[in-house]
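To start, the structure under review is shown below, and the notes come after it.
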Protein chains: 2
Amino acid sequence: MKISDSGDSIQNTGKRANGRGHNTSIDVAKLAGVSQATVSRAFNPASKMNPSTRQRVLDAASALKYAPDAIARSLISNSTNIVAVIMQNTTNPFYATVLSKLSIRLRSMGKQILFFYLDDEGHMKDLIHQILQYRVDGILITSVTLTSDLADTCVDFGVPVVLFNRYMNTPGIQAVCCDNVQAGRDCADYFFMKGYRSFAFIGGHDEASTSHDRRRGFVSRLEERGIHDCPVINTPFTYEGGREGFRRLLEQEGTCPKALFCVSDLVCAGVLDCARSEYGLRVPEDAAVIGFDDIELASYSAYSITSFVQPMDSMIDRVLDLLLSEKQPSESTNLTLFPCTLKTRGTA
Amino acid sequence: MKISDSGDSIQNTGKRANGRGHNTSIDVAKLAGVSQATVSRAFNPASKMNPSTRQRVLDAASALKYAPDAIARSLISNSTNIVAVIMQNTTNPFYATVLSKLSIRLRSMGKQILFFYLDDEGHMKDLIHQILQYRVDGILITSVTLTSDLADTCVDFGVPVVLFNRYMNTPGIQAVCCDNVQAGRDCADYFFMKGYRSFAFIGGHDEASTSHDRRRGFVSRLEERGIHDCPVINTPFTYEGGREGFRRLLEQEGTCPKALFCVSDLVCAGVLDCARSEYGLRVPEDAAVIGFDDIELASYSAYSITSFVQPMDSMIDRVLDLLLSEKQPSESTNLTLFPCTLKTRGTA
DNA sequence: CTGAAAGCGCTTACAG
DNA sequence: CTGAAAGCGCTTACAG
């Protein structure tokens with residue numbers, strides 16, 4: 001069988017007809033014998049057209065290994081279908097899980113993730129400006145806040161910003177959090193119900209709203225129940241931070257309180273290892289411990305951490321809603337709170 | 001002081017002059033009294049121009065909060081400065097670390113990451129085609145391989161593909177791995193040196209080259225030393241996989257071998273927890289155990305896992321080199337291997 | 001050193 | 001239902 005040399009047979013080699021990397025809609029139009037506009041319509045399901053023409057175009061496209069250039073499409077349609085995701089806390093597996101779930105959900109909606117790891121909050125300004133140059137459809141920020149002028153810049157550019165596990169009062173900036181204050185109160189109640197009467201909170205720096213709110217709920221509920229001397233230890237949000245925090249707690253108090261609330265499971269793992277390996281304490285006999293996030297490690301039998309569970313899937317649903325819905329942000333509901341539940345295991 | 005109404009004063013409001021979301025180079029050109037081409041040049045450091053003209057343009061741009069549209073720039077310059085990253089294994093913190101390091105390195109080079117989590121290898125074909133539509137500058141794939149026709153597609157499109165911790169024989173596809181075979185051999189030698197004479201390998205499915213190669217090095221070195229009966233347990237690359245694998249090992253062998261090589265630290269943690277909590281075994285007294293990756297958990301005192309360290313930073317350097325260098329891929333060096341080192345801790 | 005103009009690969013009114 | 005044409009916001013030869 002002889003293959004036509006003219007290049008307009010459907011049995012094409014698939015090689016680019018132009019000098020660049022790919023075939024374009026013009027190449028497909030030539031091969032299918034239609035206009036370039038018709039090729040464009042054939043790839044847009046919303047465009048009504050003659051089904052047999054569409055099929056002819058798609059066959060030609062497939063012979064030429066053509067697919068529309070998403071960049072050119074973005075330029076003319078003024079929408080990139082790209083969402084920027086900024087994460088600070090990749091050492092906490094909780095956020096690694098959030099990222100994979102986001103990726104799957106967004107991809108099923110035809111959206112892409114432009115990913116940024118923030119090593120230093122001082123880089124936030126550069127980062128936001130860099131992101132805005134890519135004309136993203138939205139920005140999701142986990143565990144970091146914005147300065148209010150950066151928030152204003154995003155609002156000015158008409159780019160929706162959603163904070164995950166942080167919140168701020170700037171109009172136009174949406175936030176999705178779990179109800180950290182209530183979880184703190186629930187933790188106090190749970191410890192009380194179990195009969196504990198001496199406590200401590202081991203958390204992160206107080207500027208982080210998660211830590212601040214968990215502590216506030218915990219301490220204020222204890223006060224309502226007549227406990228006014230709950231020690232609060234500030235320490236980094238890490239395993240090492242947990243170990244170090246536990247050492248400081250014992251130095252400071254002289255003896256170990258009976259019930260410890262840790263700001264995260266990672267901190268909790270550090271507390272447990274330090275208590276056991278450096279002080280020979282048994283958990284929960286000598287001290288009960290509760291963590292937060294219910295990361296996989298919490299279920300490992302070496303730890304078996306009783307931990308607060310965030311309703312991650314519902315929170316992600318809400319984030320995507322806010323990020324991608326066409327409706328203008330209503331000024332009224334800037335913060336959506338989701339309740340946590342306690343998953344009891346061996347440590348409390 | 002009276003602000004000019006004409007709109008061509010530098011004391012502009014910063015509001016978009018056009019009806020869309022942002023000011024464009026044309027708005028800046030008007031304000032600065034230059035041509036649009038000159039605005040473009042002012043933002044390209046490589047373009048030589050009168051410094052005072054450049055400054056006037058940059059001032060006008062800043063007054064209008066203008067920055068070049070990266071999408072439009074991508075279209076005309078035929079380079080998006082976007083690299084696609086595909087990850088399968090986000091539950092393994094090793095890859096979370098790789099991702100954050102990649103993010104920092106790429107951003108410092110003015111490149112962005114388009115991130116994809118692969119939940120199902122069957123989705124790879126759709127994924128690659130989706131990525132190619134975005135005209136990325138390169139594709140990095142961790143812990144997954146491509147079918148050879150997908151690899152060919154990428155090569156056809158002129159998009160460099162680099163595999164991280166996988167390799168394949170397709171021309172044009174580069175790979176960066178640690179030397180898993182050698183690490184397996186080193187592990188056998190280390191156990192031998194410590195006096196152990198009964199062994200097992202607990203790993204992932206054998207199609208994964210990491211697991212395959214670590215097993216091969218380990219088993220073949222044992223054979224060179226006269227051990228021909230090393231049991232090999234296939235189990236998922238997870239904590240639960242480790243627990244389950246250890247149970248199967250004991251069922252199968254009746255008694256626990258003295259020296260266990262685990263394909264990853266996560267699997268190793270499962271093995272340790274199962275050995276301790278379900279069988280009451282002590283490590284390393286009853287059995288020595290070695291893991292792989294040196295994730296943070298390996299250093300936790302509850303585990304203290306002796307583990308192989310991959311030279312992550314050097315490997316990432318090489319990956320970026322291959323992904324971004326202009327030079328054509330040389331057919332000769334498809335695979336770059338990096339040596340691992342053993343970090344000894346409590347378990348062996 | 002700077003401007004006018006072409007063009008990157010699409011989408012989408014506007015006609016017919 | 002389809003085509004001709006304008007235009008998205010840039011970069012970059014090509015002149016002057």
Side-chain angles (χ1 to χ4, degrees), chain A residues 16-30 32-58 60-61 64-81 132-137 157-158, chain B residues 16-30 32-58 60-61 64-81 132-137 157-158:
Chain A
R16 32 214 164 282
N18 60 2
R20 315 185 95 230
H22 328 83
N23 286 310
T24 72
S25 56
I26 295 185
D27 303 315
V28 176
K30 273 186 202 141
V34 297
S35 74
Q36 180 271 331
T38 297
V39 174
S40 176
R41 288 189 190 102
F43 278 91
N44 181 351
S47 289
K48 291 292 160 207
M49 63 184 288
N50 186 320
S52 75
T53 310
R54 170 167 273 143
Q55 194 53 55
R56 193 150 39 92
V57 171
L58 294 179
L64 291 176
K65 298 187 177 164
Y66 167 84
D69 182 321
I71 298 297
R73 180 178 266 183
S74 297
L75 184 61
I76 185 71
S77 65
N78 206 24
S79 155
T80 51
N81 286 323
L132 290 173
Q133 286 192 267
Y134 272 88
R135 303 298 186 248
V136 296
D137 291 354
F157 275 70
Chain B
R16 32 216 163 280
N18 60 3
R20 316 185 95 230
H22 328 83
N23 287 310
T24 72
S25 56
I26 295 185
D27 303 317
V28 176
K30 275 186 200 142
V34 296
S35 73
Q36 180 271 331
T38 296
V39 175
S40 176
R41 288 190 189 101
F43 278 90
N44 181 351
S47 289
K48 289 293 159 208
M49 63 184 289
N50 186 322
S52 75
T53 310
R54 170 168 273 146
Q55 194 53 55
R56 192 149 41 90
V57 171
L58 294 179
L64 292 176
K65 297 188 177 164
Y66 167 82
D69 182 320
I71 298 297
R73 180 178 268 183
S74 296
L75 184 61
I76 185 69
S77 65
N78 207 23
S79 154
T80 51
N81 286 323
L132 290 173
Q133 286 193 266
Y134 272 88
R135 304 297 186 248
V136 297
D137 291 355
F157 274 70

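If you're wondering where the values come from, they're calculated on a predicted model, not measured in any experiment. Lettering of chains follows the sequences in order, A, B, ..., and the numbering in each one begins at 1.
In terms of heavy-atom proximity, B:V39 sits nearest to B:V57 at CA-CG1, 3.9 Å. Taking all atoms of both residues into account, the shortest heavy-atom contact from A:Y134 to B:N81 is OH-CB, 3.6 Å.
When the side-chain hydrogen bond (donor to acceptor under 3.5 Å, both in side chains) test is applied to B:S47, no partner is found at least two apart in sequence or on another chain. Qualifying side chain to side chain contact (heavy atoms under 4.5 Å, CB included) partners for B:A67, counting only residues two or more places apart in sequence or in other chains: A:Q133. Every ring pair (Phe, Tyr, Trp, His ring centres under 6.0 Å) that A:F43 has, sequence neighbours left out, goes to A:Y66. The side-chain hydrogen bond (donor to acceptor under 3.5 Å, both in side chains) search around B:N44 returns none, not counting sequence neighbours. For A:S74, there are no side-chain hydrogen bond (donor to acceptor under 3.5 Å, both in side chains) partners at least two apart in sequence or on another chain.
Under a 3.5 Å cut-off, the side chain of A:R54 and the backbone N or O of A:R41 do form a donor-acceptor pair.
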Dot-bracket encoding per residue of DNA chain C, Watson-Crick/G-U cut-off under 3.5 Å, | denoting interstrand
|||.||||||||.|||
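One atom, CG of B:N44, and another, C1' of D:dA13, lie 14 Å apart when rounded to the nearest Å. Between the P atom of D:dC8 and the CG atom of B:L75 lies a distance of 13 Å, rounded to the nearest Å. Between A:N78 atom CG and D:dC10 atom C1' there is a gap of 14 Å when expressed in whole angstrom units. C:dT12 atom P lies 9 Å from atom CZ of A:R73, rounded to whole Å. When rounded to the nearest whole Å, the span between CZ of B:R135 and P of C:dG9 equals 8 Å. Separating the OH atom of A:Y134 from the P atom of D:dG9 is a distance of 17 Å, rounded to the nearest angstrom. Taking atom CG of A:N23 as the reference point, atom C1' of C:dC8 lies 15 Å away to the nearest angstrom. Atoms CG (B:D69) and C1' (D:dG7) sit 14 Å apart, rounded to a whole Å.
Under 4.0 angstrom from either OP1 or OP2 of D:dC10 there lies at least one side-chain N or O belonging to B:Y66.
Residue pairs that meet the salt bridge (charged side-chain N to carboxylate O under 4.0 Å, His left out) test with at least one member in residues 69-79 of chain B, sequence neighbours left out, are A:R135-B:D69.
Among D:dG7, D:dC10, C:dT12, the nucleotide with an atom closest to any side-chain atom of A:S40 is C:dT12.
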Protein-nucleotides 1-5 of chain D N/O pairs closer than 3.5 Å?
residue, atom, partner, partner atom, Å
D:dT2, OP1, A:T53, OG1, 2.4
D:dT2, OP2, A:N50, N, 3.1
D:dG3, OP2, A:S35, N, 3.0
D:dG3, OP2, A:S35, OG, 2.9
D:dG3, OP2, A:T38, OG1, 2.4
D:dG3, N7, A:R41, NH1, 3.2
D:dG3, O6, A:R41, NH2, 2.5

